[in-house]
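The structure that follows is given in the form of structure tokens.
Predicted model, so just to flag it, every value in this text is computed and none were measured.
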Number of protein chains: 2
Amino acid sequence: MLSRKTKYGLKALTFLAKREENEPVPISVIAESENISQKFLESILLSMRKAGYLGSKKGKGGGYYLLKEADEIKVAEVYRILEGPIAMVPCVSLNFYEKCDDCPDEATCSVHKLMIQVRDNTLKIFENTTIEDIIIRA
Amino acid sequence: MLSRKTKYGLKALTFLAKREENEPVPISVIAESENISQKFLESILLSMRKAGYLGSKKGKGGGYYLLKEADEIKVAEVYRILEGPIAMVPCVSLNFYEKCDDCPDEATCSVHKLMIQVRDNTLKIFENTTIEDIIIRA
DNA sequence: TTATACCCTATCGGATTAGTAGACTTTACA
DNA sequence: TGTAAAGTCTACTAATCCGATAGGGTATAA
């Protein structure tokens with residue numbers, strides 16, 4: 001399941017990318033347009049800012065704006081920041097590897113290889129899709 | 001994330017499929033061999049029985065056994081029974097479709113098409129992988 | 001008749017998710 | 001210089017889900 005957090009994050013990014021000018025947009029505007037709880041969106045945008053994708057400006061006339069071009073922002077990156085690992089099981093995660101604590105041995109685990117396959121496929125999509133692609137296709 | 005439920009379910013099925021004879025195997029044996037909480041496994045096997053994949057025999061010498069051949073059990077089916085929808089978002093689920101309650105319009109949703117793509121890819125893997133495949137590859 | 005093993009219901013603690021509240025800081029502008 | 005607009009930060013909450021557990025009930029082989 002995709003969390004709302006990630007979904008909202010992607011929506012907010014595409015919203016910003018679709019604008020003509022890259023001027024600060026208040027959270028309230030994004031929240032209203034995209035039908036997102038404003039307070040929740042605050043924390044999401046903050047994460048994206050700390051990760052270097054968004055800039056912000058305080059005070060009147062302030063808001064959030066993109067720091068990168070839409071075609072430079074991969075879905076995979078956004079997903080990892082907001083959602084976490086792309087793999088369905090920690091023991092096949094590239095960026096968040098962890099041994100499954102219920103599994104004595106990965107080599108003999110019947111699910112392991114299957115999950116690697118799923119990971120590779122999903123990864124291929126997420127790595128090859130940018131915010132720009134999302135805008136074009138939709 | 002893949003739940004333990006599904007993971008355990010797949011492990012239990014492969015365990016049964018790997019045996020020479022298709023004779024009833026007590027839950028306790030499967031649980032111990034595969035390192036699974038026995039009580040939890042009970043409910044999982046019960047679900048698989050009700051779905052028609054396993055048969056059971058009560059009393060001494062009883063246990064669970066496969067009702068289908070290993071190459072007739074698709075991962076996709078097991079997944080749907082134990083985990084639920086394969087899609088990451090309800091609005092692109094084939095078997096569990098539901099409108100996303102936060103999304104006013106699917107047609108203009110920026111995430112929708114992306115998630116269809118992910119679903120199709122994952123589905124392809126799960127539909128084309130059987131318990132037998134899992135055994136062979138591992 | 002007894003031990004074995006599945007069947008069923010209920011419950012529980014912990015984690016996570018989505019959202020809320022409220023105080024604080026920075027800034028534009030009248 | 002005061003005020004309203006806007007982001008920042010911390011804390012809290014309600015709801016849900018997950019994995020596991022408890023315990024009694026029922027069927028059956030020996």
Side-chain angles (χ1 to χ4, degrees), chain A residues 1-12 16 23-32 34-51 53-67 81-85 88-90 96 98 100-103, chain B residues 1-12 16 23-32 34-51 53-67 81-85 88-90 96 98 100-103:
Chain A
M1 272 290 163
L2 188 74
S3 69
R4 292 199 176 197
K5 193 173 175 180
T6 308
K7 196 177 176 189
Y8 291 167
L10 290 170
K11 283 189 174 187
L16 289 176
E23 282 170 351
V25 182
I27 301 175
S28 59
V29 172
I30 307 176
E32 200 167 344
E34 295 295 324
N35 201 35
I36 303 172
S37 145
Q38 176 167 343
K39 277 295 196 178
F40 191 29
L41 184 58
E42 277 187 22
S43 66
I44 296 169
L45 296 184
L46 209 50
S47 301
M48 294 309 295
R49 198 209 61 172
K50 286 176 180 168
Y53 291 85
L54 294 178
S56 66
K57 211 181 152 197
K58 287 186 177 179
K60 198 166 185 178
Y64 279 97
Y65 52 92
L66 289 177
L67 285 182
I81 293 165
L82 298 177
E83 190 88 13
M88 294 184 85
V89 156
F96 299 81
E98 224 173 309
C100 294
D101 52 2
D102 62 301
C103 213
Chain B
M1 270 291 164
L2 188 75
S3 69
R4 292 200 176 196
K5 194 171 175 183
T6 308
K7 196 176 176 189
Y8 291 168
L10 289 170
K11 283 189 174 188
L16 289 175
E23 283 169 349
V25 182
I27 300 175
S28 59
V29 173
I30 308 176
E32 199 167 343
E34 296 294 325
N35 201 35
I36 303 172
S37 145
Q38 177 167 342
K39 278 293 196 177
F40 191 29
L41 184 57
E42 275 190 23
S43 67
I44 296 169
L45 296 185
L46 209 50
S47 302
M48 294 308 296
R49 197 210 60 173
K50 286 177 180 168
Y53 292 85
L54 294 177
S56 66
K57 213 181 151 195
K58 287 185 179 181
K60 198 170 185 176
Y64 279 97
Y65 52 92
L66 290 175
L67 285 182
I81 294 164
L82 298 177
E83 190 86 16
M88 295 184 85
V89 156
F96 300 83
E98 223 172 309
C100 294
D101 52 4
D102 61 301
C103 214

**Prompt:** Does the side chain of S37(A) get closer than 4.0 angstrom to OP1 or OP2 of dT20(C) through an N or O atom?
**Reply:** yes
**Message:** Expressed as a whole number of angstroms, how long is the span from K58(A):NZ to dT27(C):C1'?
**Reply:** 9 Å
**Request:** Specify the separation, in whole Å, of atom CD1 of I30(B) and atom P of dC6(C).
**Result:** 8 Å
**Request:** Give V29(A) one of three labels, base, sugar-phosphate or nothing, depending on what nucleic acid heavy atoms sit under 4.0 Å from its own.
**Result:** nothing
**Prompt:** Does dA6(D) have OP1 or OP2 sitting under 4.0 Å from an N or O in the side chain of S56(A)?
**Reply:** no
**Item:** dG19(C) phosphate, OP1 or OP2, under 4.0 Å from Y8(A) side-chain N/O
**Value:** yes
**Asked** In whole angstrom, what separates E34(A)'s CD from dA18(C)'s C1'?
**Response** 18 Å
**Prompt:** Out of N35(A), I30(A), I36(A), which residue meets the side-chain contact (heavy atoms from CB on, under 4.5 Å) rule with Y8(A)?
**Reply:** I36(A)
**Inter-residue atom distance K11(A).NZ - L41(A).CG, 0.5 Å rounding** = 11.5 Å
**Asked** Using a cut-off of less than 4.0 Å, is there contact between a side-chain N or O of S3(B) and OP1 or OP2 of dC17(D)?
**Response** no
**Fill in**
Between L67(A) and G55(A) the two heavy atoms that sit nearest each other are CG-N, 3.4 Å
**Prompt:** What residues, two or more places apart in sequence or in another chain, satisfy side-chain hydrogen bond (donor to acceptor under 3.5 Å, both in side chains) together with E83(B)?
**Reply:** S3(B), T6(B)
**Asked** Does K50(B) put a side-chain nitrogen or oxygen below 4.0 Å from OP1 or OP2 of dC8(C)?
**Response** yes
**Request:** Quick one: label K7(B) by what it contacts on the DNA or RNA (base, sugar-phosphate, nothing), any heavy atom closer than 4.0 Å.
**Result:** nothing
**Item:** Nucleotide dT8(D), atom P - distance to CD1 of I27(A) in whole Å
**Value:** 7 Å
**Request:** Determine the contact category for L45(A): base if any of its heavy atoms lies under 4.0 Å from a base atom, sugar-phosphate if only primed atoms, P, OP1 or OP2 are that close, otherwise nothing.
**Result:** nothing
**Message:** Using the side-chain heavy atoms of K57(A), tell me which of these nucleotides is nearest: dA28(C), dC6(C), dA21(C).
**Reply:** dA28(C)
**Asked** Separation of L54(B) atom CG from dC7(C) atom C1', in whole Å?
**Response** 15 Å
**Request:** Round to a whole Å and report the spacing from CZ of F40(A) to C1' of dT8(D).
**Result:** 17 Å
**Message:** How many whole angstroms separate atom CG of L46(A) from atom P of dA6(D)?
**Reply:** 17 Å
**Fill in**
Checking dA22(D), dT25(C), dA30(D) against the side chain of K60(B) (C-beta onward), the nearest is dA30(D)
**Complete:** Here the distance between atom P of dT20(C) and atom CD of E42(A), to the nearest Å, is 12 Å
**Request:** Indicate the atoms forming the closest heavy-atom contact of G84(B) with F96(B), along with that distance.
**Result:** C-CE1, 3.8 Å
